[in-house]
Amino acid sequence: MGKVFLENVQVYAYHGCLPEETLIGSDYRVDLWVEADLQPSAASDALVDTVDYETLCACVREEMATPAKLLEHVGQRILDRVFDASSMVSEAWVRVAKINPPIGGHVEAVAIELQQKRRK
């Protein structure tokens with residue numbers, strides 16, 4: 001087994017419970033890592049034998065483009081999309097962070113992290 005990491009995917013999106021958050025938008029950072037059997041691709045050097053990180057990035061970007069009230073919801077959508085996109089993924093973790101959220105005081109970011117194993 002091994003892991004494929006997608007780190008610091010930066011997107012501008014429109015998530016939040018406040019009406020102005022869905023109008024103005026905000027910067028987000030998404031980190032995603034997936035577990036899969038990487039031995040076949042390590043031996044073959046063939047893209048077809050691994051989890052394609054471009055596919056993972058497309059899953060993140062497309063789900064982040066659909067507004068949600070909660071980061072938990074968009075994070076779960078990303079996980080669901082990843083499992084649909086690659087049958088090789090056995091487990092996945094996602095971290096979604098809203099940069100400079102509109103809350104009292106200076107807060108660099110708020111974030112959620114979800115982990116899920118493939119359902120049989």
Side-chain angles (χ1 to χ4, degrees):
M1 295 304 279
K3 292 181 181 169
V4 175
F5 294 84
L6 201 60
E7 298 178 331
N8 197 18
V9 179
Q10 298 176 18
V11 295
Y12 198 85
Y14 300 87
H15 306 299
C17 292
L18 302 174
E20 52 271 13
E21 290 178 293
T22 58
L23 291 173
I24 299 168
S26 189
D27 289 309
Y28 291 82
R29 172 190 170 145
V30 179
D31 298 293
L32 176 70
W33 50 108
V34 301
E35 190 169 277
D37 182 0
L38 300 182
Q39 291 304 314
S41 58
S44 72
D45 196 28
L47 182 60
V48 69
D49 291 333
T50 195
V51 178
D52 184 352
Y53 53 79
E54 285 192 39
T55 300
L56 296 177
C57 194
C59 292
V60 168
R61 290 192 182 281
E62 290 169 14
E63 291 304 326
M64 288 298 291
T66 302
K69 290 180 183 173
L70 301 177
L71 297 181
E72 294 89 330
H73 184 73
V74 72
Q76 185 61 56
R77 287 195 333 238
I78 291 169
L79 289 177
D80 292 343
R81 183 79 178 272
V82 165
F83 285 114
D84 287 345
S86 177
S87 62
M88 294 181 209
V89 174
S90 60
E91 192 166 359
W93 297 258
V94 66
R95 183 175 194 272
V96 180
K98 180 184 279 193
I99 309 303
N100 197 21
I103 58 179
H106 177 72
V107 177
E108 183 176 320
V110 294
I112 61 94
E113 184 175 293
L114 298 173
Q115 173 185 357
Q116 184 174 316
K117 292 184 180 190
R118 179 175 291 283
R119 297 181 185 117
K120 302 218 177 200

Hydrophobic cluster of Trp33, others only, ordered by chain and residue number, side-chain cut-off 4.5 Å: Phe5, Trp93
Spacing of Glu113 atom CD and Leu71 atom CG [to the nearest 0.5 Å]: 13.0 Å
In terms of heavy-atom contacts, does CD of Glu108 have more than 12 from other residues, nucleotides or ligands at under 6.0 Å? no
What heavy-atom pair brings Lys98 and Tyr28 nearest, and what distance separates the two atoms? CE-OH, 2.8 Å
Does one hydrophobic cluster hold both Val94 and Tyr53, with members joined at side-chain heavy-atom distances below 4.5 Å? yes
Strictly distance-based, threshold 3.5 Å: is any side-chain N or O of Arg81 a donor or acceptor partner for the main-chain N or O of Val60? no
Output the distance between atom CD1 (Ile78) and atom CD (Gln116), rounded to the nearest 0.5 Å. 12.5 Å
Measure the spacing between CG of Leu18 and CD1 of Ile24 and express it to the nearest 0.5 Å. 10.0 Å
Heavy-atom check, side chain of Ser90 versus side chain of Met1, under 4.5 Å: yes
Would you say Glu21's side chain and Cys17's backbone share a donor-acceptor pair under 3.5 angstrom? yes
For the pair Arg29 and Asp31, find out whether any cationic side-chain nitrogen is under 4.0 Å from an anionic carboxylate oxygen. yes
Say whether Met64 and Val110 are linked into one hydrophobic cluster, either directly or through other cluster members, by side-chain heavy-atom distances under 4.5 angstrom. yes
Indicate yes or no for a side-chain donor-acceptor contact from Arg61 to the backbone of Val11 under 3.5 Å, with no hydrogens or angles considered. no
Rounded to the nearest 0.5 angstrom, the CG-CG distance for Leu32 and Leu114 is 11.0 Å
Tell me the closest heavy-atom pair linking Ala68 and His15, and the distance in Å. N-ND1, 3.0 Å
Interatomic distance, OG@Ser44 vs CD@Gln39, rounded to 0.5 Å, equals 11.0 Å
Where the side chain of Arg77 meets the backbone of Thr66, is there a donor-acceptor pair that is under 3.5 Å apart? yes
Under 3.5 Å, is there a donor-acceptor pair between the side chain of Tyr12 and the main chain of Gly25? yes
Which is it for Gln10 and Ile99 under the side-chain contact (heavy atoms from CB on, under 4.5 Å) test, yes or no, and what are the steps along the way? CA-CA 10 Å; Gln10 298 176 18; Ile99 309 303; over 6 Å; no
In this structure, are over 12 heavy atoms from other groups packed under 6.0 Å from Asp45 atom CG? no
Which atoms form the tightest heavy-atom contact between Met88 and Ala36, and what is the distance? O-CB, 3.3 Å
Before giving the answer on side-chain contact (heavy atoms from CB on, under 4.5 Å), spell out for Val51 and Val89 the whole-Å C-alpha distance, their side-chain angles and the decisive distance to 0.1 Å. CA-CA 7 Å; Val51 178; Val89 174; 4.0 Å; yes
So which heavy atom on Ala46 is nearest to which on Ser41, and how close? O-CB, 4.0 Å
Apply the test side-chain contact (heavy atoms from CB on, under 4.5 Å) to residues Leu38 and Val4: give CA-CA distance (whole Å), side-chain angles for both, the deciding distance (0.1 Å), then the verdict. CA-CA 9 Å; Leu38 300 182; Val4 175; 4.1 Å; yes
Exercise: identify the closest heavy-atom pair between Cys57 and Val9: SG-CG1, 4.5 Å
Val96-Ile103 co-clustered via ILVMFWY side chain contacts under 4.5 Å: yes
Could you state the interatomic distance from CD (Glu91) to CG (Leu79), rounded to the nearest 0.5 Å? 10.0 Å
Any residue meeting side-chain hydrogen bond (donor to acceptor under 3.5 Å, both in side chains) with Asp37, in chain and number order, not counting sequence neighbours: none
